[in-house]
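Just so it is clear, the values below take in all heavy atoms, side chains as well, and ignore hydrogens, waters and symmetry mates.
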Amino acid sequence: MRRGGQRAWARVHDVADTYVSSVIAGRVEPGPKILGALGLQKNDPTFSEIWEPPYEE
């Protein structure tokens, strides 16, 4: 059963309801409070080396 929607969820987790709305709409990235409330954490992107063979002329 759904109770209260995103406004209630924001209040329970001490974040602005407008911020929650912006995250849901994809306008901003979720911060630590939202991620923590969802049991998530942000992982830094990883990079790998791209090797290209030298051009033969």
As a quick check of understanding, evaluate side-chain contact (heavy atoms from CB on, under 4.5 Å) for Ser21 and Arg27, giving each step before the final call. CA-CA 9 Å; Ser21 179; Arg27 290 187 295 268; 4.0 Å; yes
If you measure from NE2 on His13 to CG on Leu38, what distance do you get to the nearest 0.5 Å? 7.5 Å
On a heavy-atom basis, which atom in Val20 and which in Gln6 lie closest, and how many Å separate them? CG1-CB, 4.1 Å
For the residue pair Tyr19 and Ile24, establish whether any side-chain heavy-atom pair is separated by less than 4.5 Å. no
Are any non-hydrogen side-chain atoms of Pro30 and Lys42 less than 4.5 angstrom apart? no
Starting from Val12, can I reach Val15 by hopping between I/L/V/M/F/W/Y residues whose side chains sit under 4.5 Å apart? no
Apply side-chain contact (heavy atoms from CB on, under 4.5 Å) to the pair Val23 and Glu29, showing each step before the final yes or no. CA-CA 6 Å; Val23 170; Glu29 294 284 322; over 6 Å; no
Do the side chains of Arg11 and Asp17 get close enough for a salt bridge, i.e. N-O under 4.0 angstrom? no
